[in-house]
There are 2 protein chains.
Amino acid sequence: MNNYRMTPQRRLILEELRKTKKHPTASEVYQLVRKNIPDISMGTVYRNLAILIKQGKIQRINNGSKKERYDGNPYEHFHIKCTECGRIDDLPEDLVENIKRNININFDYKITGYDLFFYGLCPDCKRRQEDKMEEKIPEKSKNYGSLKLQKLGKGED
Amino acid sequence: MNNYRMTPQRRLILEELRKTKKHPTASEVYQLVRKNIPDISMGTVYRNLAILIKQGKIQRINNGSKKERYDGNPYEHFHIKCTECGRIDDLPEDLVENIKRNININFDYKITGYDLFFYGLCPDCKRRQEDKMEEKIPEKSKNYGSLKLQKLGKGED
DNA sequence: TTAATAATAGTAACTATTATTAATAGTAAA
DNA sequence: TTTACTATTAATAATAGTTACTATTATTAA
Ligand SMILES: [Mn+2]
Ligand SMILES: [Mn+2]
Ligand SMILES: [Zn+2]
Ligand SMILES: [Zn+2]
């Protein structure tokens, strides 16, 4: 159980994950690969996703939902999810650099890794909200760093 | 559906969550409250956890597992999970302060919140690993900031 | 005191994921 | 090339965590 073969199914799953920037769920991957291999099964998708992760070719991302999401980029990088529509993008590198400098402090735990996940409004939803705002009273405060209350909005799961 | 009552079940669930530092799962909460209300049902636990979250009295934390975990502290703070035994602790405030200073940069998204989750070895598992190390060859590199490969070790889920 | 609404225990249903199975196909000797 | 060995597959069953439903009880409001 350690000599993996590169089957057409596995290759296609990997290709689709590398092509997209959307961080799809398992069933979204299934929909994508079904276009070329119509009789592939969900079991095969799940099994191959797990193997590709074990091989370090893809990663699973921690998006605060019960549907796992997969990423064709296996290297360390961080994500932001729109609380309005659910869209997930990579976070630009430079936004993270100074953060990384500051977490290597020693305390009781030995830190070996971390997940950083941002929430917010994607460009589209931001614009849509700004448009609505013009018809109303302008607000001042930003809800940043406050109670975690409704952190996740109606953004799909 | 907006006039909540403070029932004994709801009060006990909240009390138990406030007492513990363990960030328990739903079924761990169930085990705790069953000591005082033996015939409480899982449905009641789940329903009340959801209501308490909606009221902003507790929060659900994003721990990269399919079992949700609940926290009696509803205010923004961050967590670290031991990859060896699964234990989850709060992160000390000062470790996070300078990180917070550096994420308010403007880019396409409007950032409204974030999750920060660290992984590592808890004091116990760190000591246990250090003990084992003494009998072997000393290692030099740290696996920090590398491929996300086996980020989660055998730590329970 | 009656009516409306919340909450409960118990149970059924749902959903994402994992495990099982019987069949197929690639690989490695012999 | 035959042979055995093992990885992989599609289909399907099973599992686990969570949510929805139901009939009943308790609390509040008119
Ligand atoms: Mn990504
Ligand atoms: Mn906490
Ligand atoms: Zn959006
Ligand atoms: Zn530990």
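Proteins get letters first, then strands, A, B, ... in listed order; numbering begins at 1 in each.
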**Message:** Using the side-chain heavy atoms of A/Lys66, tell me which of these nucleotides is nearest: D/dT18, C/dA9, D/dT8.
**Reply:** D/dT18
**Asked** Paired with D/dA30: which nucleotide, if any, by Watson-Crick or G-U wobble criteria at under 3.5 Å for both distances?
**Response** C/dT1
**Prompt:** Of all the choices, D/dA10, D/dT18, C/dA9, which nucleotide is nearest to the side chain of B/Glu68 once you look at every atom?
**Reply:** D/dT18
**Message:** By the 4.0 Å heavy-atom rule, please label A/Thr44 as base, sugar-phosphate, or nothing.
**Reply:** base
**Prompt:** Tell me: CG of A/Asn62 to P of C/dA16, nearest whole Å?
**Reply:** 18 Å
**Message:** Taking any heavy-atom pair under 4.0 Å as a contact, classify A/Arg10: base, sugar-phosphate, or nothing.
**Reply:** sugar-phosphate
**Message:** Distance check needed: C/dG10 C1' versus B/Tyr30 OH, whole Å only.
**Reply:** 11 Å
**Spacing of B/Tyr46 atom OH relative to C/dA13 atom P, expressed in whole Å** = 19 Å
**Request:** Could you tell me whether B/Glu16 and B/Lys19 have a side-chain N and a carboxylate O separated by less than 4.0 Å?
**Result:** yes
**Item:** Separation of atom CD1 in A/Ile51 from atom P in D/dT9, rounded to whole Å
**Value:** 7 Å
**Message:** Under a 4.0 Å threshold between the charged nitrogen and the carboxylate oxygen, would A/Glu68 count as salt-bridged to B/Lys66?
**Reply:** no
**Prompt:** How many Å lie between NZ on A/Lys54 and C1' on C/dT18, as a whole number?
**Reply:** 13 Å
**Asked** Nearest to the side chain of A/Arg5, which nucleotide is it out of D/dT9, D/dA11, D/dT8?
**Response** D/dT8
**Fill in**
Between B/Pro8 and B/Gly43, whichever has its closest DNA chain C nucleotide further toward 5' is B/Pro8
**Message:** For B/Glu84, is there an ion pair with B/Lys126 - N to carboxylate O distance below 4.0 angstrom?
**Reply:** no
**Residue met sooner reading DNA chain D from 5', once B/Arg47 and B/Arg69 are mapped to nucleotides** = B/Arg69
**Item:** B/Thr7 vs C/dT8: side-chain N/O to OP1/OP2 distance below 4.0 Å
**Value:** yes
**Item:** Residues B/Asp71, B/Arg69: salt bridge by 4.0 Å N-O rule
**Value:** no
**Side-chain donor-acceptor pair present, A/His79, A/Asp115, cut-off under 3.5 Å** = no
**Prompt:** In whole angstroms, how far is the P atom of C/dA25 from the CD atom of A/Gln9?
**Reply:** 11 Å
**Request:** Measure from CE on B/Met42 to P on C/dA12 and round the result to the nearest Å.
**Result:** 17 Å
**Request:** Quickly work out the B/Arg34 CZ to C/dA9 P distance and round it to whole Å.
**Result:** 12 Å
**Message:** Quick check on D/dT9: is either OP1 or OP2 less than 4.0 Å from any side-chain nitrogen or oxygen of A/Asn48?
**Reply:** yes
